[in-house]
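Both counts, for ligands and for their atoms, begin at 1 and track the order of listing. Bear in mind the structure is a predicted one, so any value in this text is a computation, not a measurement.
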Amino acid sequence: MNRPEPSRTLPDRSIYERRESKVRSYCRAMPRQFVKALGPWMYDDQGGRYLDFLSGCATLNYGHNHPVLKQALIEYIQSDGITHGLDLHTRPKAELLRTFEELILEPRGLDYVVMFPGPTGTNAVEAALKLARKVTGRDLVISFTNGFHGMTLGSLACTGNSAKRRGAGVPLDHVEHEAYDGYYGPDIDTAELLERRLSDGSSGLDAPAAILVETVQGEGGLNAASATWLRKIADLAKRHGALLIVDDIQSGCGRTGTFFSFEEAGIVPDIVTMAKSLSGLGLPLAVTLIRRELDVWKPGEHNGTFRGNNHAFVTATAALRHFWSDAEFASEIARRGEYLAERLERMAEAHGLETRGRGMMRGIVMPSGEFAAKVTSACFARGLIIETSGADDEVVKVLAPLNIDDEIFAHGLDIIEECVGQVMQERATSPMEVFK
Ligand SMILES: *Cc1c(COP(=O)(O)O)cnc(C)c1O
């Protein structure tokens with residue numbers, strides 16, 4: 001891949017050091033200035049080209065600047081279409097609702113109403129939590145170990161990661177974290193443990209308003225719940241009068257192979273949250289899907305200034321029409337997901353490692369976060385953008401575009417294979433390892 005020559009003087013980037021908050025994160029591991037992106041590629045201002053296996057944390061499932069989506073938006077802007085519309089009726093909103101109904105909900109026999117809660121994922125989660133508490137009159141929410149649901153207080157309370165939780169500065173309460181599928185190893189059924197606690201009037205666990213779950217834990221290390229476990233959780237939510245909320249913000253929009261990540265398990269959540277790849281082009285757009293009977297909101301009881309991102313409505317509609325009109329895209333994702341699984345398993349086997357995930361949301365578990373970081377920085381040096389996930393950031397996570405060309409995909413996986421090999425080799429020959 002084209003890389004800037006080390007001798008060339010780099011342009012002055014001190015503005016970021018001087019003026020941007022220390023809270024910045026991804027840019028620290030990838031200290032370049034990006035100027036252009038198309039499909040799976042990103043380009044920096046030094047002529048460097050990078051293959052993007054981060055895809056905006058699964059916000060760019062269809063790659064960067066997909067021509068069909070981009071064209072739809074350009075035409076809309078050219079025609080002076082509404083940009084900001086609060087929650088006013090606009091043609092793009094009607095078209096999105098109609099398309100979503102026709103291509104997504106009706107073929108799957110789902111009868112959700114669509115709430116536009118504000119543009120980000122955490123907005124969708126906050127709305128879901130608020131609604132579940134309002135519907136049930138209960139305050140406790142059950143979420144799971146290693147779950148990630150966003151950074152505002154309600155969502156953060158449901159998030160497991162202690163470093164993120166510490167940022168809150170106030171107690172994060174009204175949430176219990178129960179063990180996710182596989183948390184205590186393969187022999188312990190954590191759905192049964194939860195059932196036991198919920199059925200025991202003396203367990204100390206109050207009756208919950210909701211059970212909030214990711215089918216594959218995007219930030220929490222790509223743990224994939226089994227279909228059986230998900231069905232048990234859905235069933236026990238129902239029996240205990242709690243709403244089942246599936247957070248499909250990262251695992252949805254085809255990432256695991258089907259439009260919704262829970263389709264394979266055959267469950268019907270009461271509430272579903274979506275964001276990230278929903279607009280398709282990377283524009284902010286989130287929805288909270290609500291089973292019709294549970295839509296007990298009073299008008300305006302929950303709102304937000306940016307609920308009517310019409311540009312995102314336009315691109316979301318174009319994405320649904322382009323990719324989800326028939327079953328072909330899903331079968332393409334399944335095929336690529338299988339290939340990804342094979343490639344990662346081969347790497348894992350070669351070095352005594354493990355793989356995790358489902359569909360096009362998979363990764364390889366390195367011995368520690370330190371080794372995973374070595375892999376991702378070695379990848380970056382070879383022109384591949386890739387990030388980590390997990391409690392210790394120990395999982396190298398592949399989030400390639402779902403529509404990536406087979407050869408380019410193979411090329412990116414070759415880079416990962418090489419870098420994992422190199423890092424594991426160094427580890428094996430490092431004298432310090434003897435003492436670890
Ligand atoms: C990214 C993410 C969120 C939060 O979305 P934001 O747009 O960052 O607020 C919530 N849940 C899951 C599963 C996510 O991956």
*Asks:* Give the atom numbers and elements of ligand 1 that come within less than 4.0 Å of a heavy atom of D247.
*Replies:*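 Listed by number with element, the hits are 10 (C), 11 (N), 12 (C), 13 (C).
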*Asks:* Name the residue from T288, T273, T152 that meets the side-chain hydrogen bond (donor to acceptor under 3.5 Å, both in side chains) definition with E126.
*Replies:* T152
*Asks:* Considering only heavy atoms, does T120 approach ligand 1 within less than 4.0 Å through its side chain, its backbone, both, or neither?
*Replies:* both
*Asks:* Does at least one non-hydrogen atom of E219 fall below 4.0 angstrom from an atom of ligand 1?
*Replies:*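 So E219 does not count as touching ligand 1.
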*Asks:* Give a yes or no on whether the backbone of T317 and the side-chain of R321 come within a donor-acceptor separation of less than 3.5 Å.
*Replies:* no
*Asks:* If we count only non-hydrogen protein atoms and require a distance under 4.0 Å, does atom 11 (N) of ligand 1 qualify as touching the protein?
*Replies:* yes
*Asks:* For ligand 1, find out whether one of its N or O atoms is nearer than 3.5 Å to an N or O atom of G121.
*Replies:*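 G121 vs ligand 1: N/O contact under 3.5 Å present.
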*Asks:* For the residue pair F329 and F323, does the interplanar ring angle fall in the parallel (under 30°), tilted (30 to 60°) or perpendicular (over 60°) class?
*Replies:* tilted
*Asks:* About how many Å separate CG of L289 and CG of D295, when rounded to the nearest 0.5 Å?
*Replies:*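 Here the rounded value is 11.5 Å.
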*Asks:* Within the 3.5 Å criterion, strictly below it, is a donor on Q33 or Y16 matched to an acceptor on the partner's side chain?
*Replies:*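 A pair is found: one side chain offers a donor N or O, the other an acceptor, under 3.5 Å apart.
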*Asks:* Closest by any non-hydrogen atom to atom 3 (C) of ligand 1: pick that one out of K276, Q250, E126.
*Replies:*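 Nearest heavy atom to atom 3 (C) of ligand 1 lies in K276.
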*Asks:* Can you tell me how the ring of F34 sits relative to the ring of Y50, calling it parallel under 30°, perpendicular over 60° and tilted otherwise?
*Replies:*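 The rings of F34 and Y50 stand perpendicular, inter-plane angle above 60°.
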*Asks:* What is the closest protein heavy atom to atom 9 (O) of ligand 1, and at what distance does it sit?
*Replies:*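 Result: T122 N, 2.8 Å.
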